[in-house]
Amino acid sequence: MIKLNYRKELDGLRGIAVLGVIIYHVEFFFKDIKLLSGGYLGVDIFFVISGYLITLLIIKEFLSTNTFSLKNFFFRRAKRILPALFLMIFTTIFFAWFYLTPKNFLEYSNSIISSIFFYSNYFFYFQDLIYSSEESLLKPLLHTWSLAVEEQFYIIFPLIMILFFKYIKKNILMFFSFFLIISFIVSMLITYNNSTLSFYSNFSRFWEILFGSLLAVFEIKNKKFNFKF
């Protein structure tokens with residue numbers, strides 16, 4: 001199994017992103033000015049980092065073995081994601097049982113299913129839920145929308161990469177750039193017509209993950225990355 005060397009700079013970037021998101025949600029004010037009002041961008045940083053790392057792993061496996069195992073890929077994703085997800089669900093069940101009304105608890109139960117099967121972004125969208133509204137405080141699993149976006153991408157992305165390495169094998173920078181531009185244009189169109197859908201939609205976020213993928217391709221082509229097997 002191919003592993004990447006530990007990247008302390010990426011952990012540092014993750015730390016900054018987490019801190020930004022926390023401060024944004026806590027809503028610290030100084031003289032009626034909200035501190036770090038752009039802290040929500042930490043989520044976008046996570047999307048870029050995720051695309052970067054996953055693309056490195058996939059391309060390196062192709063270059064090293066001339067093949068790619070979907071089974072191993074999804075097993076690694078499940079091993080990484082599901083334990084933390086289930087721990088969070090079991091923890092929030094306790095608080096939801098005691099503090100939510102029956103109606104809200106029923107909605108919470110449905111959100112558990114959507115989180116486990118990674119479609120919670122659309123689940124919350126179709127509830128007409130604005131992320132920053134007071135109502136969102138009654139949705140303990142609301143933040144799993146971003147996990148759903150990532151996992152939806154990683155269901156599609158490996159299949160596209162397999163087709164690319166099997167039939168194309170050239171112009172990988174152009175390949176990623178094309179899909180990034182298309183995704184960005186779609187994102188702008190959705191944002192213009194429906195800002196709430198733009199927030200939750202995978203199509204509005206894929207360009208951010210692809211930006212990380214493009215960075216990974218640049219790094220591999222410049223041979224600046226060391227791998228550990």
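From Leu85, atom CG reaches atom CZ of Phe90 across 9.5 Å, with rounding to the nearest 0.5 Å. Distance CZ/Phe211 to OG/Ser213: 11.0 Å, rounded to 0.5 Å. To the nearest 0.5 Å, the span separating CZ on Phe75 from CZ on Arg77 amounts to 13.5 Å. If you take CZ on Phe176 and OG on Ser183, they are separated by 13.0 Å, rounding to the nearest 0.5 Å. Between atom CZ of residue Phe73 and atom CD1 of residue Ile54 there is a gap of 4.5 Å, rounded to the nearest 0.5 Å. Rounded to the nearest 0.5 angstrom, Ser120 OG and Tyr125 OH are separated by 15.5 Å.
Between Trp97 and Phe105, the two ring planes are perpendicular [angle over 60°; tilted spans 30° to 60°]. Note: Phe95 and Tyr99 have parallel aromatic rings, judged against thresholds of 30 and 60 degrees for the angle between ring planes. Ring geometry for Phe184 against Trp207 counts as perpendicular: the plane angle is over 60°, on a 0 to 90° scale with 30° as the lower cut.
Glu150 has no carboxylate O lying under 4.0 Å from a charged side-chain N of Arg80, or vice versa, which leaves the two without a salt bridge.
The closest side-chain heavy-atom distance from Phe157 to Ile58 is below 4.5 Å. Counting only heavy atoms from C-beta outward, the side chains of Met161 and Glu61 never approach each other to under 4.5 Å. Leu159 is listed as a side-chain neighbour of Leu70, based on a closest heavy-atom distance under 4.5 Å. Phe123 places none of its side-chain heavy atoms less than 4.5 Å from the side chain of Ile113. Using a 4.5 Å cut-off on side-chain heavy atoms (C-beta onward), Pro140 and Tyr108 make contact. Counting heavy atoms from C-beta outward, Trp145 and Val43 have side chains that approach closer than 4.5 Å. Residues Ile81 and Phe118 have side chains in contact (heavy-atom distance under 4.5 Å, counting atoms from C-beta outward). Using a 4.5 Å heavy-atom threshold, the side chains of Ile220 and Ile172 count as separate.
Not less than 6.0 angstrom separates the ring centroid of Phe165 from the ring centroid of Phe68.
Smallest separation of non-hydrogen atoms from Val48 and Glu208: CG2-O, 3.4 Å. Gly51 and Tyr154 get closest at one heavy-atom pair: N-OH, 3.3 Å. When all heavy atoms of Leu173 and Leu214 are compared, the pair lying nearest together is O-CD1, 3.9 Å. Scanning both residues, Thr92 and Ile89, for their nearest heavy atoms gives OG1-O, 3.0 Å. Smallest separation of non-hydrogen atoms from Val149 and Asn202: CG1-CA, 4.1 Å. What you find for Ser204 and Ser198 is that their closest heavy atoms are CB-O, 3.1 Å.
Under the 4.5 Å side-chain contact rule for hydrophobic residues, Ile93 and Phe117 share a cluster. Cluster membership check: Ile155 does not share its hydrophobic cluster with Leu82, using side-chain heavy-atom separations under 4.5 Å among Ile, Leu, Val, Met, Phe, Trp and Tyr. Hydrophobic clustering, with ILVMFWY side chains joined whenever heavy atoms are under 4.5 angstrom apart, keeps Tyr192 apart from Leu197. Phe179 and Ile185 sit in two unconnected hydrophobic clusters of ILVMFWY residues. Membership requires side-chain heavy atoms under 4.5 Å apart, directly or through other members. Ile156 and Ile162 fall within the same hydrophobic cluster, where Ile, Leu, Val, Met, Phe, Trp and Tyr residues are linked whenever their side-chain heavy atoms come under 4.5 Å apart, directly or through other members.
Remark: Arg205 qualifies as a cation-pi partner of Phe199 under the 6.0 Å distance and 45° angle criteria applied to the six-membered ring.
Ser114 places a side-chain N or O within 3.5 Å of a backbone atom of Ser111 that can act as its donor or acceptor partner. With hydrogens and angles disregarded, no donor-acceptor distance shorter than 3.5 Å links the side chain of Thr144 to the backbone of Leu147.
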Q) Between Phe175 and Ile160, is a side-chain contact (heavy atoms from CB on, under 4.5 Å) present by the stated rule, with each step listed? A) CA-CA 10 Å; Phe175 177 77; Ile160 294 175; 3.3 Å; yes
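Judged purely by distance below 3.5 Å, without hydrogens or angles, the side chains of Asn121 and Gln152 pair a donor atom with an acceptor atom.
For Phe46, there are no ring-ring contact (aromatic ring centres under 6.0 Å, His included) partners two or more places apart in sequence or in a different chain.
A 6.0 Å sphere centred on CG of Asn193 holds more than 12 heavy atoms belonging to other residues, nucleotides or ligands. A 6.0 Å sphere centred on CZ of Phe203 holds no more than 12 heavy atoms belonging to other residues, nucleotides or ligands.
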